[in-house]
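Report on the following structure.
Since the model is a prediction, treat every value here as computed from it, not as a measurement.
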Amino acid sequence: MKVFWEKGYEAASLPDLLLGMGLTRGSFYKAFKDKRSVYLAALRFYGDQVVSAAIRVLEADKPASGYERIKRLFASQIALMRTPDARRGCFLCKAAVDRAPHDPEIERTVLMIIGRIEEAFGRAAIADLPGKQLANARAFRKAGVPLAAAYIGLQVLRNAGSSAETIAGIAQGALESLLTRPKAIASR
């Protein structure tokens, strides 16, 4: 995953992958069909590990409100601005731009992972609405789309070199929109 993350799909050579994975060529071909299958495995791993960690923040148990859980996740993106990896970006975002337009299976995988993020944001967004429940995952996804878009956008802008102030302003705007649209969310 780190090799693809740092170099991109096209620039990642077989020797790079062998070195990064600590495998011989023979072991590589016993475990994987080709470079693409390693990439898909890396993308799924990213979804299972990194994205699932973000989702756990959104789905954390009380006492934090849904708003506070969303705020905490946005704050984690702002905190990344002060790390050496600030410009590394998001592997999912890179896959969405770099490979998804050219490979239907990678596109499906990217969209499935984004759907999980949307649903988690939707569940957190409606958590504070009294007496309102959405009936299914599709409704949660619809409610979470704007927040997920802001979250993913923060990662893209961080990777592009936007300032911490810009990132914080976008996060604040997303949080403010959440506060001003509870009736719209509840009516979905």
Side-chain angles (χ1 to χ4, degrees), residues 1-12 39 42-43 45-60 64-102 106-107 109-129 140-185 188:
M1 180 180 73
K2 288 180 182 178
V3 171
F4 287 125
W5 202 340
E6 291 170 6
K7 293 184 175 251
Y9 181 82
E10 293 297 332
Y39 188 84
L43 182 58
F45 178 82
Y46 185 85
D48 290 343
Q49 300 299 309
V50 178
V51 172
S52 291
I55 289 171
R56 281 191 297 276
V57 171
L58 293 171
E59 295 177 342
S65 67
Y67 175 86
E68 288 298 323
R69 295 190 307 262
I70 293 168
K71 184 176 178 180
R72 190 178 309 147
L73 187 58
F74 282 139
S76 72
Q77 293 304 304
I78 298 164
L80 284 174
M81 296 296 295
R82 295 181 284 278
T83 69
D85 288 336
R87 298 286 303 268
R88 188 163 129 186
C90 167
F91 186 57
L92 178 64
C93 295
K94 290 182 178 190
V97 172
D98 182 36
R99 298 306 314 151
H102 312 290
I106 291 172
E107 177 183 46
T109 303
V110 165
L111 291 175
M112 183 268 311
I113 295 169
I114 290 172
R116 289 178 50 220
I117 297 167
E118 291 167 347
E119 184 178 337
F121 269 110
R123 287 182 189 281
I126 66 146
D128 302 330
L129 300 177
F140 283 116
R141 280 184 70 177
K142 188 175 178 184
V145 166
L147 292 164
Y151 175 72
I152 292 167
L154 292 178
Q155 295 181 64
V156 171
L157 291 172
R158 188 184 75 238
N159 187 57
S162 290
S163 69
E165 294 78 27
T166 298
I167 301 295
I170 293 167
Q172 185 61 39
L175 289 166
E176 287 172 8
S177 74
L178 178 61
L179 292 174
T180 61
R181 59 184 200 105
K183 288 182 181 170
I185 292 171
R188 295 179 183 192

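- Taken from OG1 in Thr109 to CD1 in Ile114, the straight-line distance is 11.0 Å, to the nearest 0.5 Å.
- Nearest heavy-atom pair, Ala168 versus Ile78, reported as atom, atom and distance to 0.1 Å: CA-CD1, 3.6 Å.
- Scanning all heavy atoms of the two residues, the minimum distance from Pro101 to Ala96 falls at CD-O, 3.3 Å.
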Show your reasoning for whether side chain to side chain contact (heavy atoms under 4.5 Å, CB included) applies to Leu92 and Gln155. CA-CA 10 Å; Leu92 178 64; Gln155 295 181 64; over 6 Å; no

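- Side-chain contact between Leu43 and Arg99: absent, with no pair of heavy atoms (C-beta onward) separated by less than 4.5 Å.
- Here CZ of Arg69 is found 14.5 Å from CZ of Arg56. Values are rounded to the nearest 0.5 Å.
- For the atom pair CD1 of Ile152 and SG of Cys93, the computed distance is 5.5 Å after rounding to the nearest 0.5 Å.
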Side chain to side chain contact (heavy atoms under 4.5 Å, CB included) between Phe121 and Ile117, worked out: CA-CA 6 Å; Phe121 269 110; Ile117 297 167; 3.7 Å; yes

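- Of the charged side-chain nitrogens involved, at least one lies within less than 4.0 Å of a carboxylate oxygen, so that Arg123 and Glu119 count as a salt-bridged pair.
- Using cut-offs of 30° and 60° for the angle between ring planes, the Trp5 and Phe91 rings count as tilted.
- What you find for Phe74 and Leu147 is that their closest heavy atoms are CZ-O, 3.9 Å.
- Checked against side-chain hydrogen bond (donor to acceptor under 3.5 Å, both in side chains), Ser52 has the following partners two or more places apart in sequence or in another chain: Arg116.
- Scanning all heavy atoms of the two residues, the minimum distance from Gly47 to Ile113 falls at CA-CD1, 3.9 Å.
- Considering all non-hydrogen atoms of both residues, Glu107 and Ala100 come closest at CB-O, 3.5 Å.
- Taking all atoms of both residues into account, the shortest heavy-atom contact from Ala95 to Val110 is CB-CG2, 3.9 Å.
- Atom CZ of Phe4 and atom OH of Tyr9 lie 6.5 Å apart (nearest 0.5 Å).
- Residues satisfying the side-chain contact (heavy atoms from CB on, under 4.5 Å) criterion with Ser76, sequence neighbours excluded, are Leu73.
- Atoms CZ and CD1, from Arg158 and Ile170 in turn, are 12.0 Å apart once rounded to the nearest 0.5 Å.
- The distance from the NZ atom of Lys71 to the CD atom of Gln172 is 7.0 Å, given to the nearest 0.5 Å.
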